[in-house]
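Just the heavy atoms: all of them, side chains too, but no hydrogens, waters or symmetry mates, feed the values below. Chain A is the first sequence line, chain B the second, and so forth, proteins listed ahead of strands; every chain is numbered from 1.
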Amino acid sequence: MRKCSTANLDALLRTIAENASLYLPVDGTDGRAHFTKWEDGVKMSDALNTVRSAKDFFFPQTENLMDFKVEGKTIEIIDTREECEDFVIFGVRACDVRSFDILDRVFLVDPVDTYYKNRREHGIIVSMACTRPSETCFCRTFGIDAANPGGDIVCYKEEDAWYFDALTEKGQALLSKLESLTEECDTAAVDAQKDLIRERMDKLPLADLTADAFGGDKLNTYFNAPEWKSLSQSCLGCGTCTFVCPTCQCYDIKDFKTNKGVQRFRCWDSCMYSDFTKMAHGNNRTSQLERFRQRFMHKLVYFPANNEGIFGCVGCGRCLSRCPISMNIVKVMKELGGNA
Amino acid sequence: MNTEALIPVVGVITDIRIDTPDIKTFRVVTPDGKKAFDHKPGQCAMLSIPGVGEAMFSITSSPTNTEYMEFSIKKCGCVTEWLHAAEVGQQITIRGPYGNPFPVDDAFAGKNMLFIAGGVGLAPLRSVINYVRHYRDRYGKVDIVYGSRSKDDLLDYDEILHEWMTDDGIDVHLTIDREQEGWDGHVGFVPNYVKELGFDTDKVAVLCGPPIMIKFTLAGLQELGFDKTQVYTTLELRMKCGIGKCGRCNVGSKYVCKDGPVFRCDELDELPDEY
Amino acid sequence: MQMTEFKPKIVAFCCNWCSYAGADLAGNNRLNYPAEVKIIRVPCSCRVNPMFILRAFQRGADGVILCGCHPGDCHYTSGNYYTRRRMALLFSMLNFLGIEKERTRVEWVSAAEGAKFAATMNDFVAQITALGENKRLEDLRCKK
Amino acid sequence: MQKVTREILLAKAAELLAAGTVNRVLGWKAGEFTYDVTPALFTTAAELEKDFVYGPFSGANFSKYLVKETRRDEGKVLVFLKPCDTYSFNQLLTEHRFDRERVYAVGIPCDGMADIQRIKDQAGDGVSGVECDGDNLIVHTLYDGDKTLAMADCLAERCVNCKSKKHVAYDELIGETGDVIDSHRFDEVEKLEKMTEDERFAFWQNELSRCIRCNACRDVCPACTCEKCVFGNPNSGVENKAISDSFEEKMFHVIRAFHVAGRCTDCGECSRVCPQNIPLHLLNRKFIRDIDNFYDEYQAGAEVGQRAPLVNYKQEDLEPSEAVERSGNNA
């Protein structure tokens with residue numbers, strides 16, 4: 001474990017930024033935290049979490065896949081992939097760190113998504129423990145320990161100092177570059193913080209929420225449950241929950257005609273949208289109930305069925321605070337699972 | 001970095017056959033005249049026209065055809081409309097193959113085969129039928145029931161008349177929905193015709209057609225004593241990536257593009273009723 | 001140092017019944033107006049919905065001008081009155097977003113006003129040339 | 001003025017259900033915390049008793065739900081309408097978007113609704129509950145104990161700048177209706193108008209760049225009731241699910257606001273639901289202000305059957321060039 005005095009943090013960030021682009025949560029003009037590129041003078045936000053999740057770094061909202069040049073009847077395909085630069089995301093919370101594991105299970109299984117893989121290989125994650133978890137937090141429901149986030153380096157912020165511990169080789173390599181700004185230290189302060197965090201986690205309003213009632217084998221239990229009707233009743237069919245969600249990964253592939261050719265790009269899509277499954281001669285999910293059900297069944301049943309029981313939710317609470325009608329996965333779990 | 005599943009290769013349309021008023025069959029090869037990739041019966045490929053869109057089509061030609069691929073495509077959306085307006089020599093893009101094929105070399109091996117198709121549903125089955133015809137000795141008796149709205153809507157009619165019907169050990173039963181001048185064959189819907197023909201249950205049945213036809217034919221087959229494990233079908237849903245990531249064709253824990261499109265009918269029972 | 005001269009791209013939506021004929025008349029009378037003006041014929045100025053204007057900018061226009069019949073002279077009685085309200089609100093909104101107000105214009109040009117058509121276009125092109133390239137309503141993908 | 005409470009609304013709903021006047025109630029359903037109230041349908045008095053809530057977070061405008069609700073042929077639905085909601089109600093009626101015969105509207109007075117974000121800005125993250133105490137809110141926090149905040153400091157922007165306490169439509173009124181208020185809702189618009197073009201451009205560039213195209217502003221808007229939105233129509237040429245270029249931010253938001261210009265009642269739902277806190281209401285208010293200044297004062301939804309300014313004209317209307325000049329000098 002290495003320790004960096006709070007006074008030295010700016011110098012530490014500067015050193016990181018010398019070798020790689022550094023992103024960290026910064027309060028925007030709207031008063032909320034967003035991941036922003038660090039430069040001299042930029043102050044890290046104290047907010048618990050960012051409005052958008054950190055998935056954008058590996059799976060951006062839109063990205064160009066390839067270009068086409070079309071002339072007469074002929075087509076030329078231009079591979080626009082480029083090796084991405086190294087970057088560091090600083091201050092990622094435990095929930096978001098876990099979301100990368102979930103995205104990996106989609107994008108890194110065969111056939112590998114090279115766009116995602118490229119970014120994943122060049123990204124270093126510095127996670128950060130949550131000393132003040134919010135009322136909307138329920139990461140523990142999914143076995144995440146906010147006191148022990150994953151990533152390449154984990155950090156703990158105390159009043160007078162920041163504590164760092166490398167968890168991977170990549171993290172070790174970065175930490176060794178910061179040796180002059182950090183000093184070896186014992187784990188007493190960090191242990192105390194971990195105890196405090198766990199004590200606080202115990203007291204959260206959603207501390208008792210469990211996902212035990214859900215899992216890969218629960219398709220028939222819930223698919224035709226009458227509760228979906230009232231749960232989905234006032235859903236607007238917007239994409240807010242999907243787009244702020246760190247694990248939602250559905251996408252669309254579209255073509256854009258530039259003035260000289262065609263750009264094929266992919267962009268986030270939402271299973272909540274009415275045209276998500278629409279095809280030339282029909283739509284297999286015509287009601288909002290079906291679309292709403294798909295989103296939650298995917299996270300609580302279908303995803304675990306294919307991934308050794310791991311749920312497709314990390315309990316970050318973003319949908320709890322952002323849904324225009326305040327409908328969210330916690331309400332769905334409580335209503336369906338009956339453990340209200 | 002080398003391969004990326006989402007990046008296609010260029011294909012050239014070398015032949016366009018008009019099958020019915022709204023179905024054309026396109027022959028596709030790479031610009032140097034080769035088959036774009038190998039496939040198995042029942043697999044699909046993603047065809048696209050830059051600027052128009054990309055769509056999934058089943059490969060109609062048999063894998064035993066090593067020179068080119070064929071796609072029988074019905075005009076019904078923007079990509080298909082564009083293709084129907086295309087001329088020979090037009091380049092498109094192609095990527096694949098996608099999905100699980102029909103188990104032609106294991107579950108089907110040595111079996112009597114019953115193929116049942118409706119309309120453009122013959123497209124994916126043609127690949128299997130011609131595969132079975134190519135390796136004729138590996139399979140038992142073959143029955144083909146094929147129906148469409150009218151005589152003009154029968155796909156591959158020439159091939160059916162002059163090749164399939166003349167083959168030994170293959171019985172072709174054609175039907176059309178309504179009486180028509182110049183048609184002296186059977187008239188009626190496919191599910192009823194299957195029941196009328198009354199097949200023995202010593203077969204594997206392969207079904208493809210409109211959802212409503214599949215539903216009633218399956219019920220008919222069960223009445224005849226067929227078990228769901230003897231019946232295979234192939235599904236169609238909206239797809240974008242073709243590799244089980246974009247989430248569009250997700251039904252239950254399955255992705256139709258990756259885990260399908262071929263399903264045994266008892267496997268479908270494990271899926272929610274959303275396809 | 002020699003700067004490449006900026007040649008703006010101008011899209012002019014012209015009503016079929018008046019300004020399009022006005023453009024014809026300008027041509028017949030050999031009145032010059034810049035080749036940078038690309039005319040799009042519309043059945044009435046009120047056929048132009050706000051999306052057309054924005055799309056023209058997206059596709060690389062540096063200025064967009066809409067020409068219709070003089071108020072009171074609409075071939076369809078009242079189309080241009082609606083155009084007038086719509087464009088008043090749209091242009092005001094674009095300016096509210098910080099888009100230069102000089103980039104958009106509505107002008108009433110009748111079929112008999114070939115000279116006015118040419119003069120209007122010359123003036124508008126000069127105005128856009130002075131203003132420079134459209135940066136605030138550009139789509140970078142279209143400039144690649 | 002009579003203070004509306006949960007009990008009063010509950011009694012009214014139960015009475016109307018029992019009398020058979022309505023067979024269902026559109027109301028607010030309690031959530032996990034005090035502030036995450038969800039619009040919901042209640043069909044029995046028991047359901048209402050269990051989950052119905054009314055309080056400083058019952059802000060959702062129910063008018064748009066009536067479009068869907070009245071298509072289900074199941075008798076009348078009871079809807080509670082705050083003064084601002086009644087304008088949307090009328091506007092939807094003007095556009096024949098729902099069946100008035102299938103609705104029983106109860107007008108309720110409103111002193112303004114709270115914005116949980118404003119509360120969190122003052123009390124910090126970790127708000128486990130909020131209670132009303134006269135003109136104050138008592139906020140229970142996870143780490144800093146209870147905090148007392150003045151309700152006036154917690155009001156949503158749209159309520160701070162409330163335009164009217166008057167109900168313009170109802171079958172029955174609880175308490176009394178108020179008056180149209182001479183509000184300051186255009187102050188912010190005016191401030192922007194007085195900026196230079198460059199400043200305005202920078203302002204909107206910054207605000208709109210946060211847009212994630214979730215379409216919540218569109219989907220919640222009581223004026224956006226097209227069956228198929230132009231931005232969701234693959235044949236429109238502008239269909240898009242994500243912002244691939246900053247041009248698209250501007251296009252989407254200008255067109256969204258333009259499509260409701262003259263029909264927007266300024267209910268403020270767009271800004272309320274925006275997950276990225278973009279002040280979308282400023283675009284709508286700009287149109288309202290321009291319409292008032294260029295033509296005649298117009299309040300969408302004030303009466304049923306009004307002719308909207310964009311489907312109307314006068315021979316002496318001002319020219320677009322004058323409009324742009326004038327809009328900069330509206331004051």
**Message:** With a 4.5 angstrom heavy-atom cut-off, is it the side chain or the backbone of Asp252(A) that approaches chain D, or both, or neither?
**Reply:** side chain
**Message:** Nearest 0.5 Å, please: how far is NZ in Lys203(A) from CG in Leu142(D)?
**Reply:** 10.0 Å
**Request:** Could you tell me which portion of Val220(D) (side chain, backbone, both or neither) has an atom closer than 4.5 angstrom to a non-hydrogen atom of chain A?
**Result:** both
**Item:** Between Met327(A), Lys257(A), Arg132(A), His34(A), the one whose heavy-atom pairs under 4.5 Å with chain D are most numerous
**Value:** Arg132(A)
**Asked** When heavy-atom pairs shorter than 4.5 Å are enumerated against chain D, which of Ser230(A), Pro205(A), Gly239(A) gives the highest number?
**Response** Gly239(A)
**Message:** More than 12 heavy atoms of other residues, nucleotides or ligands under 6.0 Å from NZ of Lys50(D): yes or no?
**Reply:** no
**Asked** Heavy-atom distance under 4.5 Å to chain A: side chain of Lys68(D), backbone, both or neither?
**Response** side chain
**Sorted by number, residues from residues 242-250 of chain A in contact with chain D (heavy atoms, under 4.5 Å)** = Phe243(A), Val244(A)
**Ionic contact status for Arg32(A) with Asp121(D), cut-off 4.0 Å** = no
**Request:** Locate the shortest heavy-atom distance separating Pro275(D) from Val51(A); write the atom from each residue and the value.
**Result:** O-CG1, 3.4 Å
**Request:** May I have the step-by-step check of side chain to side chain contact (heavy atoms under 4.5 Å, CB included) for Thr38(D) and Ser234(A), ending in yes or no?
**Result:** CA-CA 8 Å; Thr38(D) 301; Ser234(A) 46; 3.5 Å; yes
**Message:** Heavy-atom pairs under 4.5 Å with chain D: which of Phe265(A), Trp268(A), Phe256(A), Tyr273(A) has the most?
**Reply:** Tyr273(A)
**Request:** Enter the distance from Asn240(D):CG to Cys267(A):SG here, rounded to the nearest 0.5 Å.
**Result:** 6.0 Å
**Request:** Sort out for me which of Glu269(D), Lys29(D), Glu239(D) touches chain A most, counting heavy-atom pairs under 4.5 Å.
**Result:** Glu239(D)
**Fill in**
If you tally heavy-atom pairs under 4.5 Å between each of Ile278(D), Asn277(D), Asn206(D) and chain A, the highest tally belongs to Asn277(D)
**Request:** Enter the distance from Ser244(D):OG to Gln61(A):CD here, rounded to the nearest 0.5 Å.
**Result:** 8.5 Å
**Asked** So which residues of residues 208-217 of chain D are in contact with chain A at a heavy-atom cut-off of under 4.5 Å?
**Response** Arg210(D), Ile212(D), Arg213(D), Cys214(D), Asn215(D), Ala216(D)
**Request:** Below 4.5 Å from any heavy atom of chain A, which atoms of Ile116(D) appear? Answer side chain, backbone, both or neither.
**Result:** neither
**Request:** Decide if atom NZ of Lys194(A) counts as having more than 12 heavy atoms of other residues, nucleotides or ligands within a radius under 6.0 Å.
**Result:** yes
**Item:** Check: Gln276(D) main-chain N/O paired with Arg322(A) side-chain donor or acceptor under 3.5 Å
**Value:** no
**Asked** Where do Glu135(A) and Glu32(D) land on the side chain to side chain contact (heavy atoms under 4.5 Å, CB included) test, with the steps shown first?
**Response** CA-CA 10 Å; Glu135(A) 79 278 6; Glu32(D) 285 303 309; over 6 Å; no
**Item:** Toward chain D, the part of Arg318(A) with a non-hydrogen atom under 4.5 Å
**Value:** neither
**Asked** Can you tell which of Ser321(A), Gly237(A), Pro133(A), Ala47(A) has the highest number of heavy-atom pairs within less than 4.5 Å of chain D?
**Response** Pro133(A)
**Request:** Under 4.5 Å heavy-atom distance to chain A, tell me which part of Arg218(D) shows up: side chain, backbone, both or neither.
**Result:** neither
**Message:** Using heavy-atom distances under 4.5 Å, tell me whether Ser270(A) contacts chain D through its side chain, its backbone, both, or neither.
**Reply:** neither
**Message:** Quick one, Tyr143(D) with Thr131(A), criterion side chain to side chain contact (heavy atoms under 4.5 Å, CB included). Give me CA distance, side-chain angles, the key distance, then yes/no.
**Reply:** CA-CA 10 Å; Tyr143(D) 306 113; Thr131(A) 47; over 6 Å; no
**Request:** Please flag which part of Pro60(A) lies under 4.5 Å from any non-hydrogen atom of chain D: side chain, backbone, both or neither.
**Result:** neither
**Request:** Counting only heavy atoms closer than 4.5 Å, note whether Asp245(D) contacts chain A via side chain, backbone, both or neither.
**Result:** neither
**Request:** Calculate, to the nearest 0.5 Å, the distance between atoms NZ and OH belonging to Lys241(D) and Tyr251(A) respectively.
**Result:** 13.0 Å
**Complete:** Highest number of heavy-atom pairs under 4.5 Å with chain A among Leu26(D), Val127(D), Ile243(D) belongs to Val127(D)
**Prompt:** Taking all atoms of both residues into account, what is the closest heavy-atom pair of Cys238(A) and Asp219(D), and its distance?
**Reply:** CA-OD2, 3.1 Å
**Message:** Would you compute the distance between atom CG of Leu236(A) and atom OH of Tyr65(D) and round it to the nearest 0.5 angstrom?
**Reply:** 4.5 Å
**Residue Thr62(A) versus chain D: region with a heavy atom under 4.5 Å** = side chain
**Item:** Between CG on residue Asp125(D) and SG on residue Cys137(A), distance to nearest 0.5 Å
**Value:** 7.5 Å
